[in-house]
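Shown next, in structure tokens, is the structure this report addresses.
Only heavy atoms go into these numbers, but all of them, side chains included; no hydrogens, no water, no symmetry mates. Quick note on labels: first sequence line is chain A, next is B, and so on, each numbered from 1.
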2 protein chains.
Amino acid sequence: MEVTNADYQTIDLQKKLKVFFQEDEKHHEFCPVRDIMDRFGDKWSLLAILNLGYSGKTRFNELRKKIDGISQRMLTVTLRSLERDGLITRKIYAEVPPRVEYELTSLGTSLLQQILGLAQWASGNMGEIAQSRLEYDSKLQ
Amino acid sequence: MEVTNADYQTIDLQKKLKVFFQEDEKHHEFCPVRDIMDRFGDKWSLLAILNLGYSGKTRFNELRKKIDGISQRMLTVTLRSLERDGLITRKIYAEVPPRVEYELTSLGTSLLQQILGLAQWASGNMGEIAQSRLEYDSKLQ
DNA sequence: CCGTATCCAACAGGATACTG
DNA sequence: CAGTATCCTGTTGGATACGG
């Protein structure tokens, strides 16, 4: 019986899933999936991290221009919560007018790698998804 | 000048980011990051995909037991939107009582890989995040 | 320039009751 | 068993105005 490359990937995936679910049980009432969703399931966190990764150290209004459509309030809220989680740093320079620079921490950068994987997947498969939606909707008359 | 392993990783990450942002510009008003967040930024989609990946073909109420806390309504809503996007299949068996089985498509499985990466990251770093939150909160008096 | 404060609309999603 | 249908509440986040 032949074992293909795809088989190996499937086996590997199953193994990882098993490990993950076993780990998950230990945490009991603190499920990591739920926790990341509470954290990054908002509208702007992933975009902020991606942009900070791409641009490096960035000022508040710079970032605001890069993240299209974000309001001043939401950028503040988003950056604060990322800072609270240790994913970014916030440096204030005592100048007039004030200058504030945000930057990913190493923890934030490690998260960026995962997010980028997800973003690349989305970028590569958005066509197929859009197609699937069209077919699905057309079948509902 | 010495070039460390970490340096290589950083360069690689920067390259990927650059490619991604260039791709992103092409899509114009259809940003993949925003799109995935609209899709998976809800409360249950990621959990449903992870569980379907772990359990394979699964019936409605089986899945409901595995995804702790989900309501009947939200499981239906979540599964429908995943089906619409071509990430899962829904098979109805003409039996009494009815049996309906859900299963990841290959597209869904490819997404699962990315999600698992994110989930593992979360599982591995939740301690550090919790610690950071404690410190942050304590500094606010 | 970089925020905070307040107000408010939209929507996600829970509870419950009912059906093929 | 596997769903709809309806109702209702809490939260997200946009708009706007103001402050250090």
Matching residue for B/Gln131 among B/Arg133, B/Glu135, B/Glu128 - test: side chain to side chain donor-acceptor pair (under 3.5 Å): B/Glu135

For atom CG of B/Asp38 and atom P of D/dT12, their distance in whole Å: 16 Å

Rounded distance (Å) that lies between atom P of D/dA5 and atom CZ of B/Arg80: 11 Å

Ring geometry between B/Phe21 and A/Tyr54 (parallel below 30°, tilted from 30 to 60°, perpendicular above 60°): parallel

Euclidean distance, atom CZ of residue B/Arg99 to atom C1' of D/dG3 [Å, nearest integer]: 17 Å

From A/Leu82 atom CG to A/Ile88 atom CD1, the distance as rounded to the nearest 0.5 Å: 5.0 Å

Nearest-Å distance for atom pair CG/P, residues B/Leu140 and C/dT4: 11 Å

Distance, rounded to the nearest Å, where A/Asp42 contributes CG and D/dG13 contributes C1': 10 Å

Atom pair distance, as rounded to whole Å: CD in A/Glu95 and C1' in D/dG20: 16 Å

Side-chain N or O of B/Arg64 closer than 4.0 Å to phosphate OP1/OP2 of D/dG3: no

Proximal nucleotide (of C/dC1, D/dC1, C/dT4) relative to the A/Thr76 side chain: C/dT4

Donor-acceptor pair, side chain of B/Thr58 and main chain of B/Gly56, under 3.5 angstrom: yes

Nearest-Å distance for atom pair CZ/C1', residues A/Phe60 and C/dT4: 11 Å

Footprint string (nucleotides 14-20 of chain C, 5' to 3'): B base within contact, S backbone only, - free, heavy atoms under 4.0 Å: BB----B

N or O in side chain of A/Tyr102 less than 4.0 angstrom from C/dG3 OP1/OP2: yes

Sugar-phosphate, base or nothing in reach of A/Arg90, heavy atoms under 4.0 Å: sugar-phosphate

Touch class at under 4.0 angstrom, heavy-atom based, for A/Tyr93 against every strand present: nothing

Side chain to side chain contact (heavy atoms under 4.5 Å, CB included) between A/Leu118 and B/Leu111, intermediate numbers included: CA-CA 8 Å; A/Leu118 203 61; B/Leu111 174 59; 3.9 Å; yes

Distance (rounded to the nearest 0.5 Å) between B/Lys66 NZ and B/Leu75 CG: 12.5 Å

Spacing between B/Phe40 atom CZ and C/dA12 atom P, to the nearest angstrom: 15 Å

Polar side-chain atom of A/Thr105 near backbone of A/Gly86 as donor-acceptor pair, under 3.5 Å: yes

